[in-house]
Amino acid sequence: MTVGERLQGGAAKLRRRGVPEAQANADILMAHVLGVGRNEVFLRRGDELSAREASAFSRLLRRRLLRIPMAHILGVQAFLDFEVAAGPQALVPRPETEELAAAAMDALRRRWQEPLRIWDLGTGTGCLAVALARFFPKARILATDKSPAALRLARRNARANGVGERVHLRRDDFFAPRRGRRSRPRAWADLAVSNPPYIPSRSLPSLMPEVLREPRLALDGGKTGLDALAAVIERGAQALKPEGVLALEFGRGQARRVSALLARRDFESVRILKDAQGLDRIALAVKVGRNPLES
Ligand SMILES: C[S@@+](CC[C@H](N)C(=O)[O-])C[C@H]1O[C@@H](n2cnc3c(N)ncnc32)[C@H](O)[C@@H]1O
């Protein structure tokens, strides 16, 4: 059977099973099997598939028919101009998170050569931490997560992208009470970024089957979807230096409530940015400057 015939059959099966972007998925799986780029698959439509290639394609197709996410099947996901290993341990990075990374970079671009201190809260695959470490060559990034499996994956991704030395992984819970004797924790960060879980718990069952294969910890934002966002804003407010920047991703319809949470917690100059679909999805806010009346 030729590449083209096998592709046609595979795409039809995916379509019948309701898999979105069936043809593109079949093309990408075939490209993976042949070890070529997606464009080249098109050029090779007339070629005969070897028995080994045909059975490899069938194996991948069966997994996709079970609605296993493409990134889990391929084991990799592109993020901006690099790749991260992906799997069921952590959320597969999304395009809107690339926009969050770009917004955070843009906010501090004039300081790109400074030894910035950055905190990525809920790092998952480490995509944001790696992106920021690559963009800010002298920055040190603290990347935290509650999930040990996600932290292991993030460590692997930081090392594979050559920034393992400057990305420090640590287990931390957004909701953990402040430790230590000092009543006010030290403000140390120039930038805090987070894409926390923000889906209201009751909406989880209606998500796409692929999303339901991702860790619930990465998705579930509690009753209103705002639990983790509120905790991250609180932690960011404690950790950021005066005039430090907080960059957050949030869900559809949450912009007004996120802005209110930020205003309540010493943030000013709040800017809400839209994603590629024109929806409000990103908040940038500046921690209020030092009060001259404070010592
Ligand atoms: C939406 S995912 C984002 C992952 C990654 N930053 C990205 O943008 O692709 C949220 C991350 O927060 C982590 N997380 C969830 N609840 C947490 C908590 N209470 N404390 C710390 N991390 C938590 C999850 O394990 C997950 O990795």
Side-chain angles (χ1 to χ4, degrees), residues 97-124 126-145 154 158 163 166-170 172-180 182-196 198 226 228-250 254-255 257-273 280-295:
T97 308
E98 294 180 312
E99 293 179 35
L100 170 66
M105 291 168 187
D106 192 41
L108 274 89
R109 69 184 185 286
R110 285 194 192 83
R111 299 176 61 192
W112 74 278
Q113 275 189 310
E114 292 180 28
L116 298 172
R117 301 288 313 277
I118 298 174
W119 189 6
D120 172 19
L121 295 92
T123 196
C127 55
L128 285 167
V130 171
L132 293 167
R134 285 165 58 93
F135 187 79
F136 296 110
K138 295 188 184 148
R140 297 178 77 78
I141 326 284
L142 173 65
T144 57
D145 207 290
V163 292
R166 291 185 294 115
V167 175
H168 306 276
L169 282 307
R170 192 194 299 162
D172 178 80
D173 188 330
F174 302 146
F175 301 98
R178 280 186 255 147
R179 288 193 200 89
R182 280 181 301 178
S183 57
R184 282 211 268 164
R186 190 171 63 90
W188 59 272
D190 299 287
L191 169 67
V193 288
S194 187
N195 169 23
Y198 49 66
L226 295 170
L229 278 160
V232 163
I233 289 170
E234 176 63 29
R235 297 295 296 282
Q238 291 164 10
L240 282 167
K241 297 177 187 167
E243 297 178 7
V245 173
L246 178 63
L248 289 177
E249 182 176 322
F250 55 82
Q254 293 174 337
R257 286 172 296 166
V258 169
S259 300
L261 287 169
L262 287 164
R264 210 179 298 154
R265 200 54 184 86
D266 294 345
F267 285 100
E268 59 185 9
S269 313
V270 177
R271 277 174 60 207
I272 300 294
L273 309 179
D280 291 339
R281 293 300 297 279
I282 291 163
L284 281 178
V286 179
K287 173 89 184 291
V288 288
R290 204 179 299 281
N291 180 343
L293 300 178
E294 273 182 7
S295 59

Test side-chain contact (heavy atoms from CB on, under 4.5 Å) applied to L132 and V193, step by step = CA-CA 10 Å; L132 293 167; V193 288; 3.7 Å; yes
key: Working for side-chain contact (heavy atoms from CB on, under 4.5 Å), residues E99 and L273   = CA-CA 9 Å; E99 293 179 35; L273 309 179; over 6 Å; no
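- Expressed to the nearest 0.5 Å, how far CG of L191 lies from CD1 of I118 amounts to 5.0 Å.
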request  = Output, in order, the C-alpha distance, side-chain angles, deciding distance and verdict of side-chain contact (heavy atoms from CB on, under 4.5 Å) for K138 and R111.
outcome  = CA-CA 10 Å; K138 295 188 184 148; R111 299 176 61 192; over 6 Å; no
ask   = Can D190 and K241 be said to form a salt bridge (Lys or Arg N to Asp or Glu O under 4.0 Å), step by step?
value = CA-CA 6 Å; D190 299 287; K241 297 177 187 167; 3.1 Å; yes
request  = Go through D145 and T123 one step at a time and tell me if the side chain to side chain donor-acceptor pair (under 3.5 Å) criterion holds.
outcome  = CA-CA 6 Å; D145 207 290; T123 196; over 6 Å; no
message = If you apply the rule salt bridge (Lys or Arg N to Asp or Glu O under 4.0 Å), what do you find for E234 with R265, and how did you get there?
response = CA-CA 7 Å; E234 176 63 29; R265 200 54 184 86; 2.7 Å; yes
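- Rounding to the nearest 0.5 Å places CD of E243 at 9.0 Å from OG of S269.
- Interatomic distance, CZ of R170 versus CG of L142, reported as 5.0 Å (0.5 Å rounding).
- The closest side-chain heavy-atom distance from L261 to R257 is not below 4.5 Å.
- In terms of heavy atoms, G124 sits closest to A154 at O-CB, 3.5 Å.
- Under the 3.5 Å distance criterion, the side-chain polar atoms of E268 are left unmatched by any main-chain donor or acceptor of K287.
- With rounding to the nearest 0.5 angstrom, the CZ atom of R140 is 9.0 Å from the CZ atom of R166.
- The two residues D120 and A129 come nearest to each other via the heavy atoms OD2-N, 3.4 Å.
- Inter-residue side-chain proximity for W119 and D172 is flagged as met; some heavy-atom pair is nearer than 4.5 Å.
- Checked by atom type and distance alone, the side chain of R281 pairs as donor or acceptor with a backbone atom of F250 at under 3.5 Å.
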request  = Could you walk me through whether F267 and L240 pass the side-chain contact (heavy atoms from CB on, under 4.5 Å) test, one step at a time?
outcome  = CA-CA 10 Å; F267 285 100; L240 282 167; 3.7 Å; yes
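- L246 CG to L284 CG: the interatomic distance, rounded to the nearest 0.5 Å, is 8.5 Å.
- In plain terms, the two heavy atoms of A283 and V258 that are nearest each other are CB-CG1, 4.2 Å.
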inquiry  = Under the criterion side chain to side chain donor-acceptor pair (under 3.5 Å), I'd like the reasoning laid out for E249 against S194: C-alpha separation, chi angles, the key distance, then a yes or no.
reply    = CA-CA 7 Å; E249 182 176 322; S194 187; over 6 Å; no
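- Contact of the I233 side chain with the L248 side chain is registered, since non-hydrogen atoms from C-beta on lie closer than 4.5 Å.
- Looking at P196 and L121, their side chains never come closer than 4.5 Å, going by heavy atoms from C-beta outward.
- Pairing each heavy atom of F136 with each of A104, the nearest pair is CZ-O, 4.4 Å.
- Not one N or O on the side chain of R235 forms a donor-acceptor pair closer than 3.5 Å with the backbone of V232.
- Across every non-hydrogen atom of A247 and L100, the tightest pair is C-CD1, 3.7 Å.
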